[in-house]
Every structure is written in structure tokens, then in C-alpha cells.
There are 2 protein chains.
Amino acid sequence: MCAARSLPTFAATKRPRGRPRKTSQERNEGNRRQDIVKVAAKLFRRHGFNGTSTRDIACAVGMHSGSLFCHFKSKDALLYEVMWEGLRNALARQMIVLVAEHDAATTLRQLIRSHFDALLGPSSDFMHAVLYESRSLNTRQHNVIAKLQSNYEATWTPVLQELSLAGCLQVEVPLARRLIFGALNGSVRWFNPKMGMSIDALTDAVVDLCLHAPPANRA
Amino acid sequence: MCAARSLPTFAATKRPRGRPRKTSQERNEGNRRQDIVKVAAKLFRRHGFNGTSTRDIACAVGMHSGSLFCHFKSKDALLYEVMWEGLRNALARQMIVLVAEHDAATTLRQLIRSHFDALLGPSSDFMHAVLYESRSLNTRQHNVIAKLQSNYEATWTPVLQELSLAGCLQVEVPLARRLIFGALNGSVRWFNPKMGMSIDALTDAVVDLCLHAPPANRA
DNA sequence: CCTACCGATCGGTAGG
DNA sequence: CCTACCGATCGGTAGG
């Protein structure tokens, strides 16, 4: 899959001052690890974890095949790191929403928006792994990831509960939560920024689709 | 993954009359092919297409590794057949709903119910492949499957359109359709018959979540 | 981080 | 449908 390396390997020298010219081939920094994780996430998304070889990943960051294992002790340790990065990002965004302490309807809207940001923004490839590759983790890794994800989703429950009591949600909360997450998560499979649809418009759509006007607001 | 074959291979003899004793090891019928497709669907679901070897499949139906290729010319031809079987089933169910010609709300309800039946019933493993393994098809196979799936989903549009005009759907139809399919398709990942939830209750939930009462019905 | 290599397993085939 | 096998590729390692 990876046929040619575009650049020969230079010994790492002190970089010249002005004009960093940050190409993906440079290797003088400790963020090399992050490069690998990011590239791996992209390849895992395109070809699946089992459809991506460690050689593919190494090649895409300009290394030779065995060198990956200087940074990660195994292929699934790399997957674990990809998923952890995705969840860390999503959890961080969620936390920002929660500390604001708005009313339930506003909070839900912002949780949805925040989730779309995680799914469709720069961390999209990482979230794709979170959604579709947990099968390839070993038991210990899987437990950690599952717990994080479970906590992430559990946060929505009291918010939905409040809306349910207000009469804005017509379905029992645990089921509504699953259905809503299904609708949201499905967007990684069809959303394309080039569609010209904003994440704000998407968020509005979900709110309009799922949330009913409270009885008091009727005629 | 497959360590032992439980039974030796018997030459195919005429089966005795009474008591068919239809074990999966018997090989006197032309439905052997269907056995393979069904077993492959199950394994593809559990381990993914790339995580399942042709040896795993052969072993699970009691064959030796090379013998699979007497029935399928390649591994992805087998995947194609799995997916085709899933879509054929779903399209057949959908057709039954459409010929009944009910009002839009009833039709949508039955389309949802029919889709859940395809996703969560006996063809569940096949539909899982349809949803998650199309990446592993070659271009020609992919085109056929994508077209079938596209037709299947397009059928929902006029029904949703009618409900939108009646004021029961608060989101533009193409987007609503994607979100609803997301909510529905997500169920393959969490639904378990042992939860004690019926497909009817699930269907009701989706309708209650997404469909609003028409303005005429309000107080 | 590279070179050179390991044993295991992969999809698939020839010949019966 | 089995036996026996092919070349290719896999994740990972030793030694520098």
C-alpha cells in the first residue's frame, strides 16, 4: 500500500531559525508520537484496524516498518491511544458545557453541539475508532475505554430526565438516549463539510426532531 | 481460532427416512452454500471481515480451508453474497409494507417496524455486514450494493415528505431521513432480545420521539 | 530510528 | 470436497 518514501532520512540536526517549514517528515521533536497516532487514526478510519498494517502506518509517517515499535509496544496499544485521544477530547468538550449550568434545554443543545464537534471536527478520525474499533482492543484496554464512554453518555441522563419531566421528551429516557446517540453518531458516516451544512444547523435539526414543545406552550 | 472438527467426514449417503436429524455437518444438499453464507455473516459480525479468515469460516461449517473456494470464487465474493442476502430480505419486507397503501403516518410506522425486523431479526448478521463492511467490497460489488441501499432508503422520502407537509416533522426531509436511519441502525449495536423490549415498543418509541402531533390536533 | 530477519498466518490454487 | 502447497504479508524483535 505504501510504495515510496518521498524523502531520504536525514540525521536530526538543529533546525535553522526563521521559517520552520514544518513538514511531516521532520523528526526532531517529541511530538513524533502524536504524528503517528494521528496518521494511524486516519488509516484506521479508511481501511479499518485489521485492514491497516503497521507497515502502512510507519510508511505514512516516513519511518521504516519496525521503527513504530520504538514508540508503541504493539499495534493494539496504538489503537488504544487513538481511542483514548478521541474520548479525552470529547470529554473535555463536554466538561466545558456542563460547568456553564444552563437550563436543561440549553444544556442538551450544547451537549449535542459539543458531541457533533467531537464527531465531525478535527478529532473525527479518533472518534471513528471509538465508535467502530473497540472490538480490536484487548480486555483490559476495552474495559478502560468502555468505562470512559459509559461515563460520557451517562452525563446526558439527568438532562434528558429533566426534559422528560417537563413534557418535552415523549420516550423513556434510557431508550431516548440510545436513539439520540444513534442519530448523532450516524453522522460520521454521511456528514461532509463540503455539503455546506453547518454543525449549528445540524444541532438545530436534532433538537427540532427530538424535542417537543412543552404542553404549556401549546395554543 | 478453529481448533477441532467435531465429526469426521462421511461420504454422502442416502439419508434414512424418519427423523431427519439435520445437523450442520451433513452435506447432502445444495443448501450447503447457504450454510456458508450464514456462518460467514455471523463471523463477520463478531470479528469483522478483515478479522475473519477463510479458514475460520470453513472450519465453522466443518470443511477444510481450501474447500470454501468450491462454492465462492473469492472471500469478497462471499461478503458480497452476505450483504446481498441482507438487502434482499430488507427490500422484500419493505415491499410488503408499501403495497398496503396506508396513510403516511401508518406507512412510516410500518417502514420503521419493518426496518427493525430486518436489523434485529434472523437477518441481523447480514444487515450488520450491510452497515459496516461495504468498505471491503470491490468497486463493482460496491456499486451494486450501494444502489440497492440507496433505493431502499429513497423509498422513505415521499412518506416523510407527506408528514412534513402535515406539520408532523419539524426537520427538512433529507436530513430527517438521515437522522432517523442513524437512530434505527444504531440499534444493531445495543439491542438485545434478552432486554425484554419488543420491536413493537421500539417502533413506538421512534415514532413518539420523532413525530410531532399535527397542529390540527392541538388543544 | 534502521537493517535484517523471525515464525505465523493469510487468500487462493492444482490435482485428484 | 480433501490434500498439499504457493507466494505474500502480517505483527513483532535483535542488534546496532
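Chain naming here is simple, since letters A, B, ... match the order of the sequence lines and numbering starts at 1 in each.
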Counting side-chain heavy atoms from CB outward, which of C:dG12, C:dC1, D:dC1 is closest to A:His71? C:dC1
Does a side-chain N-to-carboxylate-O contact under 4.0 Å join B:Arg109 and B:Asp204? yes
Ring centre gap for B:Phe181 and B:Trp156 strictly below 6.0 Å: yes
Spacing between B:Asp56 atom CG and C:dG11 atom C1', to the nearest angstrom: 12 Å
To the nearest Å, give me how far apart CZ (A:Arg33) and C1' (C:dC1) are. 15 Å
To the nearest angstrom, how far is B:Leu79 atom CG from C:dG11 atom C1'? 14 Å
Any strand, both distances under 3.5 Å, Watson-Crick or G-U wobble: C:dG16 pairs with D:dC1
Look at A:Ser53 and D:dT9 and indicate whether a side-chain polar atom (N or O) is within less than 4.0 Å of OP1 or OP2. no
Return the nearest nucleotide to the side chain of A:Lys75; candidates are D:dC10, C:dG12, D:dG12. D:dG12
5' priority, DNA chain C, between B:Phe49 and A:Cys70 [closest heavy atom]: A:Cys70
Kindly point out which of D:dC2, C:dG11, D:dG11 is positioned nearest to the side chain of A:Phe69? D:dG11
Can you measure B:His47 atom NE2 to C:dT9 atom P for me and round it to whole angstrom units? 15 Å
For B:Lys73 and C:dG12, what is the distance between atoms NZ and P respectively, to the nearest whole Å? 9 Å
Could you check how far CZ of B:Phe72 sits from P of C:dG12, rounded to whole Å? 13 Å
Selected nucleotide, minimal atom distance to A:His64 side chain, candidates C:dG12, C:dT3, D:dC10: C:dT3
C:dG12, D:dG12, C:dC1: which one has an atom nearest the side-chain heavy atoms of A:Asp76? D:dG12
Euclidean distance, atom CE of residue A:Met63 to atom C1' of D:dT13 [Å, nearest integer]: 17 Å
Out of A:Lys73, A:Arg88, A:Arg33, A:Lys38, which residue meets the salt bridge (charged side-chain N to carboxylate O under 4.0 Å, His left out) rule with A:Glu81? A:Arg33
Salt bridge (Lys or Arg N to Asp or Glu O under 4.0 Å) involving B:Arg93 - partner list, sequence neighbours excluded: none
Would you indicate which nucleotide in D:dC5, C:dC1, D:dG12 comes nearest to any side-chain atom of B:Arg55? D:dC5
Any B:Thr54 side-chain nitrogen or oxygen under 4.0 Å from OP1 or OP2 of C:dG11: yes
Atom CG of B:Leu68 to atom C1' of C:dG11: distance rounded to whole Å? 11 Å
B:Lys75 side chain to B:Thr52 main-chain N or O, any donor-acceptor pair under 3.5 Å? yes
